[in-house]
Amino acid sequence: MLFNPLACVSRLLKWIFSTVSVFLNNISRPFVKWLLRKTTGLCELQRICYCEPNGAPRIHGIEKSLRNSKSVKVKTLLQYLDRAAIENRFSTPVSAAKIISNTVQTICSIKNIRLDVHQPFTKLFGDSVSIIWGYCQLMHDLEKLKGTRYDAENQEHELKLLELWDHLMPERKLESRVSNSWKNIGFQGDDPKTDFRGMGLLGLDNLSFFAHNYPDVARQVLSHSNHPKHGYSFAIVGINLTHLAYSMWKDGSAKTHVYNLCSQQQQGSSPSLLHFHRFYCYLFVEFDKLWMNEKPASIMEFGRIRSQFEKSIRLFLFQRNCLFKLNIPIEHV
Ligand SMILES: *[C@@H]1O[C@H](CO)[C@@H](O)[C@H](O)[C@H]1NC(C)=O
Ligand SMILES: CC(=O)N[C@H]1CO[C@H](CO)[C@@H](O)[C@@H]1O
């Protein structure tokens, strides 16, 4: 075989690159961490708390550092927190405070952090932990609501549905429970009960939250949806947007918005259903704006406009200072 210097050099370069990347991934991270710890006297979690700006950058940083930790003790602590979220133990302030204080103490003992010297750390770290696992707990709640099928035998469900009509159509009584009139607020047939399908009660809750809390805005959006040329099905599109909101929370992309929001509000604010419902209202109002601007020829363009909408929302969520605010005139809030 002929000696080929070019192939030799390229193989050598490949070997160097792969060695360097292995070094960067496996060796340098712990080394850099060790070096910083020696020079600054602070562990990674402390550096994040003190150096990263309040909100998503700091909370994301802490979450990543904890989830990437190789320490068995940290892993056990995370299991304890995940279980607490599944068991809904963050919902009462007393039990949440106890979990947070246990967590802070455990981390300080694992990382040799002196509580008396590093009081700012314990507060910043504790607040972040409460928001991270508050979000986990909320996801379980959302999944439960999504998994609860609309049940026409259930008085509570029926009442919510009828209230939705009253909020959207205050000047018109619904003549009967099963009626062609449901189409006026964008359901498919005579009985909305089958329209909730994949989203369960979450779809209805979102719609009724929107109609109940922002009645003027909801009615304005409804009137757009009944536009003779560029109309769409209000309720059906609304349920589809529940799906969009849910998937953004589920895959974690909504975290930038939620983390920024919760850390801006007064202390102890943990992600809640209210935040989810408001996020949904924001999506609905913005989607309606986009739809009216696009002036689609028919509902057949829904898929295209929806995916354009999703792309732009995801782009916003990608920015670390993302915070959605409902653009609603003050008198409607
Ligand atoms: C929402 O609409 C998109 C686009 O038409 C579709 O792919 C998706 O399955 C719908 N989701 C729900 C829950 O209706
Ligand atoms: C689960 C949840 O938050 N449901 C709420 C949805 O919105 C309606 C209307 O505001 C409330 O009554 C529900 O409690």
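Counting starts at 1 for both ligands and their atoms, in listed order.
Taking the six-membered ring for Trp and the full ring otherwise, the centers of Phe90 and Trp133 sit at least 6.0 Å from each other.
Under a 4.0 angstrom heavy-atom cut-off, Arg306 registers as being in contact with ligand 1.
For atom 2 (O) of ligand 1, a protein heavy-atom neighbour is present inside the 4.0 Å cut-off. Contact annotation for atom 9 (O) of ligand 1: protein absent (non-hydrogen atoms, distance under 4.0 Å).
The closest side-chain heavy-atom distance from Met248 to His243 is not below 4.5 Å. The side-chain heavy atoms of Ser65 and Ile48, taken from C-beta on, include a pair separated by under 4.5 Å. Counting heavy atoms from C-beta on, the side chains of Phe196 and Ile239 come closer than 4.5 Å.
The nearest heavy-atom contact from the protein to atom 11 (N) of ligand 1 is Asn240 ND2, 3.0 Å.
Between Asp151 and Lys193 there is no salt bridge, since none of the side-chain N atoms of the basic residue sits less than 4.0 Å from a carboxylate O of the acidic one.
Here is the list of ligand 1 atoms found below 4.0 Å of a heavy atom in Phe302: 2 (O), 5 (O).
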